[in-house]
Amino acid sequence: MIHNFTTDQQVNHRSIRQFKDQSLTTEQITTLYQAARHTSTSMFLQQFSILHITDPEKRAAIRKISKQSYVGAEGELFIFIADLYRNQQIRHQLGNDDGRLHTTDIFMQAAEDTILALQSALTAAESMGLGGVVLGSIKNDPEKLIQVLGLPKMTFPILGLQVGIPDQEPQLKPRLPLNQITFDNDYPRDFSIDDLKNYDQTVTTYYDLRDANKRIDSFTNQVNGPKLNNHETSRDKLLQTLHDQGLALE
């Protein structure tokens, strides 16, 4: 591959979950916002917003929802929101109806805008020597999270992002080999689990050698384990919560 500052930074990405008890500067936060603001956006509809959570009670509530002790502890906590409310209000105030805003198509475009904006912000954070972790766990109880954040209908929290000055140096987690995720023209259907034996061994070695939370595990074992087994979870309310917010109705 071609090596430069940006590509080397991207392929050496590590999720940081421990941060120093030090706030980011206004300039650093503005840089994150500017990077997110200039991200590609579907049809130029710019259907995302960012909440910077500084209130200790809200941070504690989000931590409880996430069930992860580091969420809302040190570092800055941001919630990236798919936001169709703003465009709904624009249409209403210009004398129009909601149009296609309640469709799954438009919600998906908003979700894509939101995710791309978060990734841009994270890349910008890492370029400044900061660390970050993407928080899907904020959706453990989506209905409760919406209440905590006081969000109006036509919005939905997609992901959280915690950013700060790193206070740990985790090892680089091995990813699937390129020949398992990149294909030319046609998607291959002749998949064999045997092709992942070497990768499984690499993952097992990673878990065995890492500094914290040592365990013996492999990639295929994780896929075959509790994460994807049938069981009830509060996340099963995601679709209903989306509908309650007026999103993805058709």
Please find the pair of heavy atoms, one from Ile106 and one from Arg100, that lie closest to each other, and give the distance. CG1-O, 3.2 Å

Indicate yes or no for a side-chain donor-acceptor contact from Gln180 to the backbone of Tyr199 under 3.5 Å, with no hydrogens or angles considered. no

When every non-hydrogen atom of Ile16 is compared with those of Pro170, the smallest separation belongs to CD1-CD, 3.6 Å

Are the side chain of Glu74 and the backbone of Gln22 linked by a donor-acceptor contact shorter than 3.5 Å? no

Taking Leu101's backbone N and O only, do any of them form a donor-acceptor pair with Gln88's side chain (distance below 3.5 Å, no angle check)? no

Contacts of Leu116 that satisfy side chain to side chain contact (heavy atoms under 4.5 Å, CB included) - sequence neighbours left out: Thr39

Begin from the C-alpha positions of Thr155 and Leu149 and carry the test side-chain contact (heavy atoms from CB on, under 4.5 Å) through to its verdict. CA-CA 11 Å; Thr155 64; Leu149 299 178; over 6 Å; no

Cluster companions of Val11 among Ile, Leu, Val, Met, Phe, Trp, Tyr (side-chain spacing under 4.5 Å): Met1

Between His102 and Leu84, is any pair of side-chain heavy atoms under 4.5 Å apart? no

Using modelled atom types only, decide if a donor and an acceptor are shared between the side chain of Lys173 and the backbone of Arg14 within a distance under 3.5 Å. no

Any sub-3.5 Å donor-acceptor pair from Asp8's side-chain atoms to His3's backbone N or O? no

Quick one: closest heavy-atom pair of Thr204 and Asp217, and the distance? OG1-O, 2.7 Å

Under 3.5 Å donor-acceptor, Thr41 side chain and Gln46 backbone: yes

Is any side-chain heavy atom of Thr26 closer than 4.5 Å to one of Ile29? no

Decide whether Asp236 and Thr233 meet the rule of one side-chain donor and one side-chain acceptor closer than 3.5 Å. no

So Val134 and Phe80, do their side chains get closer than 4.5 Å, heavy atoms only? no

With no hydrogens and no angle check, is any side-chain donor or acceptor of Ser192 less than 3.5 Å from a backbone partner on Asp194? yes

Going by salt bridge (Lys or Arg N to Asp or Glu O under 4.0 Å), name the pairs with one or both residues in residues 36-50, residues two or more places apart or in two chains. none

Tightest non-hydrogen contact, residues Asp113 and Ser40, listed as OD1-O, 4.2 Å

When hydrophobic residues are tied together by side-chain contacts of less than 4.5 Å, even through go-betweens, does Leu172 share a cluster with Phe5? no

Quick check: are there more than 12 heavy atoms from other residues, nucleotides or ligands sitting under 6.0 Å from CE of Met128? yes

Give a yes or no on whether Phe44 atom CZ has more than 12 heavy-atom contacts from other residues, nucleotides or ligands under 6.0 Å away. no

